[in-house]
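The structure appears below as C-alpha cells.
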Amino acid sequence: TVLLLTWINVRGVKTAAIIQTTLTSIKTLSLAALVLLGVTVARHADVAAVNFGSAFWPAGGLTLALLPIIGGAMVGSLFSMDAWNNVGFAAAEMKNPQKDLPFAMGAGVVIVVTIYLLANVAYLSVLPLSAVRAASTGTHPPIGAAALQAMFGRAGLTLMAIAVMISTFGCNNGLILAGARVYYAMAGDGLFFRKAATLHPVHRTPSFALIAQMIWTCLLCLSGSYGDLLEYVIIAALLFYLLTAIGLFALRRSKPDLPRPIRAPGYPWLPGFYLLATLVFCVNLLFVKPLYTWPGLIIVLIGVPVYFIWRKVGGGSVRGDAAI
C-alpha cells in the first residue's frame, strides 16, 4: 500500500485527494452504521444498564490519583486523533487556504471526536464489562471487532477486517500526501536535503520527498510491531504540537506586524490552555510509559544538534516562496 499510494501521489495531488475523500466517506459511514446498530437493534438493555451504572465509575470515585492512569490509557485515542492538522501541510496547493483550512480542521476534529465517543457508547451497549476488559489481550479481538462479532457472529470479524483495511489504506494515503510537503518546505528553507525541494517535471509534485518518505516508511514497517511504533510516535507528536503552540506566542511577540490571514480563536486563553494540557500529557507519558516515550524523546532530541550543525554548514533557501 505504501508503494502504490506513493506512486499515485507522485502522479498528482488531485487523484490522491479523490482517494482520500472516497475512503474517508466509506470509513465514516461504516463507523456510523456500527454506532447506529450498537445503540438500537444490537443493544442489550441488561448489558447497557450494568456498563452505564456503577461499573462505569471508579470504586473510589474520580480522584487526582486516577489522572496519570487516564492519561496513559489515552495513547490509543490520541493516536486516532493525530494528524488532525496535516491538511495544513498542503496549504500551498489549495486554492483558498484562508477559508478552507480552518473549516477542514475544525470540522474534522468535531466529527472525529463525536464518532469516537459514540462508538464507545455503542461498545458499552453491546459488550459486557468482561469482554471490554479482555479486548485486544491474548487471543481476544480488538474492541470494535468484538462488538461486530457480538452483533453478527463470525461474519462480524470479517466485516471489521475489511473496515480496518479500508481505514488503514486511507490513513496511509493522507499521511503520505501531507508528510512529503513538510520535507519539501524544509528543503526549500535550507533545513533539509536540497534534493527534497525538487518537483516532478511533469506532475509538479514533490517526487523526491515522496520517494524518500516511502523508503523510510517501509523500513519502519519492518522494524517492529504496530503497537511499538504507536507508543514511540505519540510522545513526538505531542511534543511538536506543544512547540507549535509556543511558536504562536513567540511569533505574536517577535513579529506583531506579520500578516495573519487565519485567526487564532480565543487567543491567548484557548491556545494557552491547549499548551498547558499538552505539556501535562507529555510529562505524564514519560512516567507512565517510560519504555517507549524516553527512547522516542531521545530520537527527537538527536535532531537538535543536527539542526544547528545544518544551520552552520548548510545553504540557504533554494526557492523564493519557501516559507509555506
Side-chain angles (χ1 to χ4, degrees), residues 1-2 24 27 31 66-89 105 108-117 119-120 123 132 135-137 142-145 164 167-183 186 213 216-248 271-304 306-307:
T1 63
V2 173
T24 300
K27 178 168 57 176
L31 282 167
L66 283 174
L67 291 181
I69 301 172
I70 294 172
M74 286 184 65
V75 167
S77 57
L78 285 171
F79 185 76
S80 75
M81 289 291 297
D82 195 32
W84 62 270
N85 63 323
N86 279 17
V87 67
F89 301 157
M105 288 185 179
V109 169
V110 170
I111 291 170
V112 171
V113 169
T114 302
I115 291 176
Y116 201 95
L117 290 174
N120 278 276
Y123 300 151
V132 173
S136 298
T137 61
I143 187 74
V164 167
S167 176
T168 303
F169 197 74
C171 182
N172 284 352
N173 184 66
L175 293 175
I176 289 168
L177 187 153
R181 271 69 186 176
V182 178
Y183 320 134
M186 289 173 63
Q213 175 182 253
W216 180 240
T217 301
C218 289
L219 290 173
L220 286 176
C221 288
L222 300 172
S223 68
S225 71
Y226 172 79
D228 290 345
L229 291 173
L230 185 151
E231 299 279 3
Y232 276 117
V233 77
I234 199 64
I235 185 68
L238 288 174
L239 178 63
F240 281 100
Y241 291 155
L242 178 69
L243 293 173
T244 301
I246 293 173
L248 174 64
F273 175 77
Y274 177 82
L275 194 157
L276 180 62
T278 306
L279 178 63
V280 170
F281 264 111
C282 287
V283 173
N284 178 60
L285 289 176
L286 290 173
F287 288 96
V288 176
K289 295 182 176 288
L291 292 178
Y292 298 98
T293 52
W294 282 105
L297 181 62
I298 291 170
I299 291 171
V300 172
L301 291 177
I302 290 173
V304 175
V306 172
Y307 167 77

Salt bridge (charged side-chain N to carboxylate O under 4.0 Å, His left out) against K289, all qualifying residues, sequence neighbours excluded: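 Result, salt bridge (charged side-chain N to carboxylate O under 4.0 Å, His left out) vs K289: E231.
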side-chain contact (heavy atoms from CB on, under 4.5 Å) between V132 and I143, worked out: CA-CA 7 Å; V132 173; I143 187 74; 4.2 Å; yes
At what distance, to the nearest 0.5 angstrom, does [atom1] of [X] lie from [atom2] of [Y]?
X	Y	atom1	atom2	value
F240	T244	CZ	OG1	8.5 Å
L275	L243	CG	CG	9.0 Å
L31	I111	CG	CD1	12.0 Å
Y241	F281	OH	CZ	13.5 Å
I235	L286	CD1	CG	4.5 Å

Verdict with supporting geometry, L239 and V300, side-chain contact (heavy atoms from CB on, under 4.5 Å): CA-CA 9 Å; L239 178 63; V300 172; 3.8 Å; yes
Heavy-atom pair of closest approach, residues A135 and P142: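 Looking at all heavy atoms of both residues, the shortest contact is CB-C, 4.1 Å.
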Side chain proximity check, L229 to S223, heavy atoms < 4.5 angstrom: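 The answer is yes, as the side chains (C-beta and beyond) meet within the 4.5 Å cut-off.
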Any T1 side-chain heavy atom under 4.5 Å of T168 side chain: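 No. Closest side-chain heavy atoms not under 4.5 Å.
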Working for side-chain contact (heavy atoms from CB on, under 4.5 Å), residues L242 and I246: CA-CA 6 Å; L242 178 69; I246 293 173; 4.3 Å; yes
Backbone of V2 reached by a side-chain donor or acceptor of N172 within 3.5 Å: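 No; zero donor-acceptor contacts below 3.5 Å.
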Any donor-acceptor N/O pair, S167 side chain to V164 backbone, under 3.5 Å: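 Judged by distance alone, no pair lies under 3.5 Å.
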Member of N284, V280, V283 meeting the side chain to side chain contact (heavy atoms under 4.5 Å, CB included) criterion with P68: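 That would be N284.
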